Amino acid sequence: MNWYNEQTDNDLSKQQEILQTCKLPKHIGIIMDGNGRWAIEHGLTRTEGHRQGIESVRDIVKACAQLKIPYLTLYAFSIENWKRPSSEIGVLMQLLEYYLRKEINELHQNNVRLISIGKISSLPKKVQRLLFESIELTANNTGLTLTLALSYSGRWDIVRATQMIAHDIRSGKLAPEEITEEIFSSYLQTAHLPDPDLIIRTSGEMRLSNFLLWESAYSEIYISNKYWPDFRREDLYEAIKDYSRRERRFGKISAQIQSELQNMAVFEINKKAEK
Ligand code: FPP
């Protein structure tokens, strides 16, 4: 299934509007929350909530690829989620397996590169194998990089990076005074990803829940009141529009940002004139 042939005219025009009027985030991270509450409100089991959540994953992945957003990271299972009842963990692992089996060919056909972050060795062997096969299959794709955060937590990754740095110092590969923010980042599992520009959290909760803690230092945060199973591409478009209206100052003052933008615009005009 080619994702670029199946869009309705209505959706195409919404995407055109976004492409023409918005500054797109390069990397979107999503904390997919509220599957359980969605299910309870619909008189269904939590399993149904997670199952329905996969439909949202499908739609959002497609929409990001169609908009040519380079990076999407989905927080699918945190290290803390291992504390849930074993029956629910079993369901989530089965759904992950189902998603990979069912979707990987379509992801591959649409040039998506799948990667994962997290303590993958904690996942059931069957899921690990499937995940590695999927990652290998799509390794050379050049479209959307879809990162699944699985058995992941930000603090875990920071501690892991610190341990690796300590080993490298002990073995003489690195000196303590050589550690910079860039060097530290290069030890994280997200080393090859840009920091997320926009983090979306569904279900109205306002916290990061251990997601990309180091990387989110300057991320814009967007909270949607919808539960994840109800969050679809129209909601993503709203989040992108909202992001596009924000002024990202990275510690500077507004006047500096405005003058940088002006200089950039002049540079672009001059570049075009030279051609
Ligand atoms: C949070 O809702 C959701 C999760 C812990 C799991 C997310 C998993 C999926 C959407 C399905 C599998 C994912 C992929 C990528 C195939 P919650 O259970 O915490 O909801 P609650 O806060 O309302 O209880």
Side-chain angles (χ1 to χ4, degrees), residues 28-65 71-108 110 112-120 122-124 126-135 137-138 144-154 156 199-212 223-233 235-236:
I28 301 180
I30 307 187
I31 303 172
M32 308 181 289
D33 194 17
N35 294 353
R37 280 163 286 165
W38 179 90
I40 287 162
E41 286 188 14
H42 286 77
L44 299 167
T45 59
R46 290 180 63 84
T47 303
E48 275 312 313
H50 295 313
R51 193 165 288 146
Q52 196 57 32
I54 290 195
E55 296 307 317
S56 301
V57 169
R58 258 192 209 120
D59 194 42
I60 297 306
V61 168
K62 255 189 216 179
C64 284
Y71 298 91
L72 171 68
T73 299
L74 299 177
Y75 200 12
F77 195 82
S78 71
I79 288 190
E80 291 73 24
N81 285 154
W82 289 114
K83 295 180 198 150
R84 292 193 175 196
S86 60
S87 55
E88 180 161 337
I89 294 174
V91 164
L92 283 166
M93 292 302 136
Q94 271 173 14
L95 284 177
L96 184 62
E97 191 184 331
Y98 164 83
Y99 175 79
L100 290 173
R101 276 195 203 289
K102 188 149 182 295
E103 301 293 317
I104 196 59
N105 287 330
E106 193 166 323
L107 292 169
H108 186 41
N110 286 282
V112 174
R113 179 170 70 116
L114 185 83
I115 58 173
S116 66
I117 51 172
K119 196 175 175 202
I120 301 305
S122 310
L123 300 174
K126 212 157 59 163
V127 177
Q128 283 187 45
R129 216 174 311 122
L130 201 52
L131 189 61
F132 289 137
E133 283 167 14
S134 307
I135 290 171
L137 176 72
T138 61
L144 174 72
T145 295
L146 171 63
T147 305
L148 297 183
L150 293 166
S151 191
Y152 170 85
S153 91
W156 166 81
I199 292 187
I200 299 173
R201 181 172 187 142
T202 57
S203 92
E205 307 281 0
M206 301 202 192
R207 54 178 173 269
L208 282 174
S209 298
N210 227 339
F211 183 52
L212 301 177
I223 307 290
S224 164
N225 285 326
K226 288 201 179 169
Y227 294 137
W228 176 248
D230 284 332
F231 190 90
R232 294 299 156 92
R233 58 180 57 215
D235 306 297
L236 175 76

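Just so it is clear, the model here is predicted, and its values are computed rather than measured. Atoms within each ligand, like the ligands themselves, are counted from 1 in listed order.
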Output the list of atoms in ligand 1 that are nearer than 4.0 Å to some heavy atom of Trp228, sorted by atom number.
10 (C)
Atom pair CG/CG of Leu92 and Leu150 - distance to nearest 0.5 Å
10.5 Å
Heavy atom of the protein closest to atom 1 (C) of ligand 1 (residue, atom name, distance):
Met32 O, 3.0 Å
By salt bridge (charged side-chain N to carboxylate O under 4.0 Å, His left out), Lys226 pairs with (sequence neighbours left out) Asp235
Donor-acceptor under 3.5 Å (Ser134 side chain, Ile104 main chain)
no
If you measure from CG on Asn105 to CG on Leu100, what distance do you get to the nearest 0.5 Å?
11.5 Å
Restricting to ring pair (Phe, Tyr, Trp, His ring centres under 6.0 Å), what partner residues turn up for His42, sequence neighbours left out?
Trp38
If you have a sec, work out which protein heavy atom is nearest atom 19 (O) of ligand 1 and how many Å separate them, to one decimal?
Arg84 NH2, 2.7 Å
Among protein heavy atoms, which lies nearest atom 9 (C) of ligand 1, and at what distance?
Asn35 ND2, 3.8 Å
Report the C-alpha distance between Trp228 and Ser203 in whole Å, list the side-chain angles of each, state the deciding distance to 0.1 Å, and finish with yes or no for side chain to side chain donor-acceptor pair (under 3.5 Å).
CA-CA 7 Å; Trp228 176 248; Ser203 92; over 6 Å; no
Nitrogen or oxygen atoms of Arg46 and ligand 1 under 3.5 Å apart
yes
Atom 12 (C) of ligand 1 has as its nearest protein heavy atom Ile54 CG1, 4.1 Å
Checking heavy-atom distances from atom 23 (O) of ligand 1 to each of Glu55, His50, Glu205, Arg37, the winner is Arg37
Classify the contact between Leu74 and ligand 1 as side chain, backbone, both or neither, using a heavy-atom distance cut-off of under 4.0 Å.
neither
What's the shortest distance from atom 5 (C) of ligand 1 to any protein heavy atom, and which residue and atom give it?
Asn81 OD1, 3.7 Å
I'd like to know if the side chain of Arg113 pairs up with that of Thr145 as donor and acceptor (distance under 3.5 Å, no hydrogens or angles considered).
yes
Ignoring angles and geometry beyond distance, decide whether Gly36 reaches within less than 3.5 Å of ligand 1 through its nitrogen or oxygen atoms.
yes
Can you name the nearest heavy-atom pair linking Phe211 to Ile31, along with the distance?
CD2-CG1, 3.5 Å
Among protein heavy atoms, which lies nearest atom 13 (C) of ligand 1, and at what distance?
Ala76 CB, 4.1 Å
Closest approach of Val61 and Tyr99, non-hydrogen atoms and distance?
CG2-OH, 4.1 Å
Would you say Asp33 has any N or O atom under 3.5 Å from an N or O of ligand 1, going by distance alone?
yes
Which one holds for Phe77 and ligand 1: side chain close, backbone close, both close, or neither close, with close meaning a heavy atom under 4.0 Å?
neither
